[in-house]
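Structure record follows, encoded as structure tokens.
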Amino acid sequence: MTMRPGRSAPNAVAFLTSLVLAGGLAAQAAEPTFPHLVRKDGRHALIVDGAPFLILGGQSHNSSAWPKALPRVWSAIETLRANTLEVPISWEQFEPEQGKFDTSIVDELLAGARARQVRLVLLWFGTWKNGSSHYLPMWMKRQPELCPRIIGKDGRRVDSPSPHTPALLEADTRAFRALMRHLKQADPQHTVILVQVENEPGAWNAIRDYSPAAQRLFTAPVPGELLKALGKDARAGGDWTSVFGKDADEFFHAWSVARFIGQVAAAGKAEYPLPLYVNAALRDPLSQPPAGTYESGGPTDNVLDIWKAAAPAVDLLAPDIYMDDSARYLKVLDLYSRPDNALFVPETGRAPIVSRYLFAALARGAIGWSPFGIDSMVQGAHATGAAPASDLTEEPFAANYRVIGPMMREIAQLGFEGRLRAAVEEKDDHQQVIALGRWQAVVTFGPPTFGYGRSPQGNPEPVGRLLIGQLGENEFLVTGYLCRVDFKVADAASGAQREFLRVEEGRYEGGVFRPERIWNGDETDWALNFGGTAQVLRVQLGSF
Ligand code: DGJ
């Protein structure tokens, strides 16, 4: 499907009926406004209000889902122009007394989001939060037999919950079900579009649980369904060590944690089938470090297949990307955008240079992206009111959302169709070339300069980025930040040269591109220059 200029965006609802519904959500096909994921040709879209949606998100700090802290969160959402708030619902707050669920903060969030016309992604801080279990309600913490920690190889307790604890699974499941049940009745307008189950699960400081219960499972045959999912001989009957060798400890913990969370997710989904995801504390994506040097058992890149097999009710596995360097950041985006996994970055750093990676994520078909800790980003202070973080600024992030926000639906559709490309600035390489069929886009970084003959200088910090949507063979939607782009005929031997037939600056309104002025003269003779303001161009090319 081609999005033609000057016409309305594709009729998403009609064409979605032909798509494969992800995550077994067939029931929602009858209600196209229900948030759900779809997959086509190995790419994904999050459908909200019947059409592809992009989460231009902001995640609050951990202790901000309280009436006292929320005004600062909402003000950050507005300053950033984010369209979605990601915010925790913690077990201790939701079930302060056993069996008594306090939905007041959920209701306050729903009302606050609706008043500001933003959506919510709720983060269930249940059994796991960053590998520990610090968000268990006090009544659980007071009964340690219900929530034992794992035992490390040396026999010492490790501050991480054991996934081999039926009482904990049952209690978490009951609470998560109650949350989803409440959403079902309190949110008919689908303000909540996605729910995260647990937070960065797994264990730090141990690769797995060595408790007697865990040991019994570890020395038993590997479950046949896992062997089958991994394409291994299901009749093997071997235990974890004989099947997985040096990876056995880590794979066992991944399976155990994912199994637990898969059951929590399935129970919640049975109440109310919103799309669900689990986020990962990453391992280094390039060096493939040994287990034990990163959080073990969560959905790191090496165990995604195990998670998929163990937790089918979890729709996607999402990387929390706190790496600044582009080699690692881009590699992570590649590892988590798979035909069986929609790319979503629920947390990322908030240093200005990180802002450029939104475009890289979109070019890989991401359904959303969100910096973490927005309430201090804008205020220049930590959420607790501690020391100012003066190197953080919201402006390059707000610049992203100012430009993408008004055409979010069109960008989501282009990403779903695989028609987006991006260039992000590298520290010591100020020029990049993007292949676009008949054309090549030559991108250089740095503030606008008018006049050739100067080599590209780059920006003082590598914040430059460019996003191109291919609307037709010779027609492009282009936006950028502190960079410029020109086009060349790809077949240099043909002798054909690029001509700008028309370059229009404009904006999308109701699915239609409305030109506001034509760029020509200095504005096109020295390539198409982007500063820090939100400018969107529709470029039609010809040759002579
Ligand atoms: C990753 C976690 O998922 C967040 O909840 C938060 O703790 C951040 N780390 C802190 O940087």
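Ligands are counted one by one from 1 in listed order, and the atoms in each one are counted from 1 as well. Only heavy atoms go into these numbers, but all of them, side chains included; no hydrogens, no water, no symmetry mates. Just so we're clear, the structure is a prediction, and the values are computed from it rather than from any experiment. Numbers here are sequence positions counted from 1.
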Next item on the list: Say whether Ser326 and Glu426, considering side chains only, have a donor N or O and an acceptor N or O under 3.5 Å apart.
Entry: yes
Margin query: Quick one about Tyr294 and Glu250 (side-chain donor to acceptor, distance below 3.5 Å, no hydrogens or angles considered), yes or no?
Written below: yes
Notebook entry, point to check: Do Ser355 and Asn400 have side-chain atoms, one donor and one acceptor, less than 3.5 Å apart?
Noted result: no
Next item on the list: Report all protein residues having a heavy-atom distance below 4.0 Å to some atom of ligand 1; order the list by chain, then number.
Entry: Asn62, Lys129, Asn130, Asn199, Glu200, Asn279, Asp320, Tyr322, Glu347, Phe372
Item checked: Over 12 foreign heavy atoms within 6.0 Å of NZ, Lys141 -> yes
Show which side-chain atoms of residues 359-369 pair as donor or acceptor with protein atoms under 3.5 Å away, not counting sequence neighbours.
{"from": "Arg364", "atom 1": "NE", "to": "Asp334", "atom 2": "OD1", "distance (Å)": "2.6"}
{"from": "Arg364", "atom 1": "NH1", "to": "Ala360", "atom 2": "O", "distance (Å)": "2.9"}
{"from": "Trp369", "atom 1": "NE1", "to": "Tyr329", "atom 2": "OH", "distance (Å)": "3.1"}

Check: Is there a donor in the side chain of Gln59 and an acceptor in the side chain of Arg350, or the other way round, less than 3.5 Å apart?
Finding: no
